[in-house]
Every structure is written in C-alpha cells, then in structure tokens.
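In what follows, a single structure is set out as structure tokens and then discussed.
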Amino acid sequence: MLKAAIFDMDGVIIDSHPLHKRAWRAFLESVGREVADQELEFVLDGRRRDEILKFSLGDLDERQIRDFGEQKNKFFYDLVESVRLTAGFREFVEELERQAVKLAVATSATRSRTEYILDRFDLRRRFTIVVTGNDVPQSKPDPAIFSSACAQLGENASRAVVFEDAASGVKGALRAGMKCVGIADEKCAPLLYQAGADHVCRDFTLLSVSTVHGLFGAEQGGAQGTIGTLWMSNS
C-alpha cells in the first residue's frame, strides 16, 4: 500500500533542465571554460553542485567550491523567472494529500535553492520533509537521500514511491527499496526504464494516483507495459 511519495525537484517538480543548462553554460563561460552540449548532460544526472564544479573545473578546494557556487547561483536566479512547474504536478500532489499520502522532497540541489523554489511556488507547506544535497554525504545513486526522507516521514521503504528524472536517481530509489516513477521525454525514457524505473511518463498529466497505487499490487513488467503505452500514445 502506498504511504509515502518522495519527489526529486529539478526535472520533476519544476521543468528546469533548460534553465540549468543555460545557467551552467553562462557561469562556465564567465570563468573561461568552454563547454559542449554533451558535457552539460552531467548537470542533469542528479549531481550535487560540488560534483558538477569538480567535473567541469577540476580539483577545487572548499573556498573555491563555495565562491564558484555562489557565482553560478547568480546566473540561475537571473533566469529563474522563466521556470514553471511540471505539467500536472500541483493537481497530482493535491490528490495525494487528499488520500493522506505523506510527502517529501529529496533533491541534490542546495538547501537555499530548494527552499527558494518551494516558496516561489507555495509548495513548502505541502512537504513534511525536505532533504537536500547539503544533508547527505553522497549523491545519487547512493540511496541515503531517499532512505533519510522515508525514515523522517516515519514510513517503511516498501510503502514509498520516488519520482525521478535521472537514471542515477532511479538507481538510488531502487537501492533504497522503493518503487520509482520516471518523469522524462521520449528521448530519456528508455534510460530510466533501463535503470529500473517501474513507470515512465512525460509529465503528471499522464499519471493518476490510482495508477501509482497499482505499483504496489502489480508485477513490474506488466506495470511498465501499461504506462509505456499510455506515455507513447500521448507524446
């Protein structure tokens, strides 16, 4: 039985991938680092900011990570007015609330940026627990961020579902013993299925709460086939 729902933020709660790629590109160019589109895909794989900085700029000390992180944030906030909630998200969460499902956020983003986004969209009050990249020593696919969120909600992992957009996040959810629903377009959906996602949908308009409940009483292969057909027919 579904008792807890845990949401990643970027690419799941908010449709922020284009914005993040633009912000990281602008920041890296500002420090003299030209970056190819393929390299920016690393940004979208559930990584913490310090990992992205080291991947892009090499070995950095704590002061450099802090200073560069603040610079990157300025580029993000310059663009943030254009970010929107993922289609259908608010209605989906409201239905979960009506069914007394406990809600948490588990994101690799920093605490400050996470709270900014939740406040901007008046979502903070909907989530009992918020775990960020600042709160765990390892990033996804390490399961700690999901296990921490579920434990703080007071629920067993076998009764929790994670909503993720990155393969690393899907793997982390499964390692934590949870079901996982992927949010991805047609290009990325196969990667999430390959990582082990139980379902993949383009957005929350294609997903009902009753379907998520069905994950806890259906074989994984059958569930994937049902959602895959729904997703493809609406893409």
Self-check item: Parallel, tilted or perpendicular: ring planes of F27 versus F68, cut at 30 and 60 degrees
Solution: perpendicular
Quiz item: Does the side chain of I117 come within less than 4.5 Å of M9's, by heavy atoms?
Solution: yes
Quiz item: When rounded to the nearest 0.5 angstrom, what distance separates CG in D50 from CG in L60?
Solution: 9.5 Å
Quiz prompt | Greater than 12 external heavy atoms within 6.0 Å of E70's CD | solution = yes
Practice problem: Go through the steps to decide whether D142 and V136 satisfy the test side-chain contact (heavy atoms from CB on, under 4.5 Å), and finish with yes or no. | Solution: CA-CA 9 Å; D142 188 277; V136 291; over 6 Å; no
Quiz item: If you take all heavy atoms of A160 and M178, which pair is closest and at what distance?
Solution: O-CB, 3.6 Å
Quiz item: What orientation do F204 and F7 show, parallel under 30°, tilted 30 to 60°, or perpendicular over 60°?
Solution: tilted
Exercise. Heavy atoms only: give me the nearest T114-A109 pair and the separation to one decimal.
Key: OG1-CB, 3.6 Å
Quiz item: So, K140 and D8, do they make that salt bridge, N to O below 4.0 Å?
Solution: yes
Quiz item: Rounded to the nearest 0.5 Å, how far does OH of Y77 lie from CG of L19?
Solution: 11.0 Å
Quiz item: Quick one: do V162 and L118 end up in the same hydrophobic cluster if we chain Ile, Leu, Val, Met, Phe, Trp and Tyr together by side-chain heavy atoms under 4.5 Å apart?
Solution: no
Quiz item: Given the rule that I, L, V, M, F, W and Y join up when any side-chain heavy atoms are under 4.5 Å apart, are F127 and V131 in one cluster?
Solution: no
Quiz item: Is E186 salt-bridged to R202, cutoff N-O under 4.0 Å?
Solution: no
Exercise. Go through the steps for R120 and E81 under the test side-chain contact (heavy atoms from CB on, under 4.5 Å), then give the verdict.
Key: CA-CA 10 Å; R120 171 177 167 75; E81 290 299 320; 3.6 Å; yes
Practice problem: Would you check if the side chain of S148 reaches a backbone N or O of A144 as a donor-acceptor pair within less than 3.5 Å? | Solution: no
Self-check item: Check: D198 side chain, C180 main-chain N or O, donor-acceptor pair, under 3.5 Å
Solution: yes
Quiz item: Taking all non-hydrogen atoms of both residues, which atom of S16 and which atom of D10 are closest, and how far apart?
Solution: OG-OD1, 2.7 Å
Self-check item: Joint cluster assignment, L85 & L96, ILVMFWY side-chain distance < 4.5 Å
Solution: yes
Quiz item: Is it true that E51 and K54 make a salt bridge, defined as a side-chain N closer than 4.0 Å to a carboxylate O?
Solution: no
Quiz prompt | Aromatic contact, F92 with F163 (centres under 6.0 Å) | solution = yes
Quiz item: So, S30 and Q71: side-chain donor and acceptor under 3.5 Å apart, yes or no?
Solution: no
Quiz prompt | R126 CZ: over 12 foreign heavy atoms closer than 6.0 Å | solution = yes
Exercise. Determine, for E115 against R111, whether the closest basic-nitrogen to carboxylate-oxygen distance falls under 4.0 angstrom.
Key: yes
Quiz item: Does the pair D61/R66 count as a salt bridge with the N-to-O cut at 4.0 Å?
Solution: no
Self-check item: T132 backbone acceptor or donor facing D135 side chain under 3.5 Å
Solution: yes
Self-check item: Centroid separation F89 to F121 less than 6.0 Å
Solution: no
Exercise. Mind listing the closest non-hydrogen atom pair of F146 and I6 along with its distance?
Key: O-CD1, 3.9 Å
Exercise. Any chance you could lay out the side-chain contact (heavy atoms from CB on, under 4.5 Å) test for E155 and K102, step after step, and finish with the verdict?
Key: CA-CA 9 Å; E155 291 296 341; K102 297 178 183 178; 3.1 Å; yes
Quiz item: Rounded to the nearest 0.5 Å, what separation is found between the CD1 atom of I183 and the CG atom of L192?
Solution: 9.0 Å
Practice problem: Check R90 against D122 and note the closest heavy-atom contact, atom names and distance. | Solution: NH1-O, 4.2 Å
Practice problem: Would you give the length of the straight line joining atom CD of Q152 to atom OG1 of T128, rounded to the nearest 0.5 angstrom? | Solution: 10.5 Å
Quiz item: Are L153 and V105 connected, step by step, through hydrophobic side chains (Ile, Leu, Val, Met, Phe, Trp, Tyr) whose heavy atoms are closer than 4.5 Å?
Solution: no
Practice problem: Output the distance between atom SG (C150) and atom CG (N156), rounded to the nearest 0.5 Å. | Solution: 6.5 Å
Quiz prompt | Same cluster (ILVMFWY, side-chain, under 4.5 Å), V12 and V101 | solution = yes
Quiz item: Counting only heavy atoms not in R22, do more than 12 sit closer than 6.0 Å to its CZ atom?
Solution: no
Quiz prompt | N134-T110 side chain donor-acceptor pair, cut-off 3.5 Å | solution = no
Quiz item: Please walk me through it: do I13 and T86 pass side-chain contact (heavy atoms from CB on, under 4.5 Å)?
Solution: CA-CA 6 Å; I13 295 176; T86 298; 5.9 Å; no
Quiz item: To the nearest 0.5 Å, how far apart are CD in E91 and OG in S208?
Solution: 14.0 Å
Quiz prompt | Contact summary for R159 and M1, nearest pair of heavy atoms | solution = CB-O, 3.3 Å
Quiz item: Distance-only, no hydrogens or angles: does the R33 side chain make a donor-acceptor pair with backbone N or O of S56 under 3.5 Å?
Solution: yes
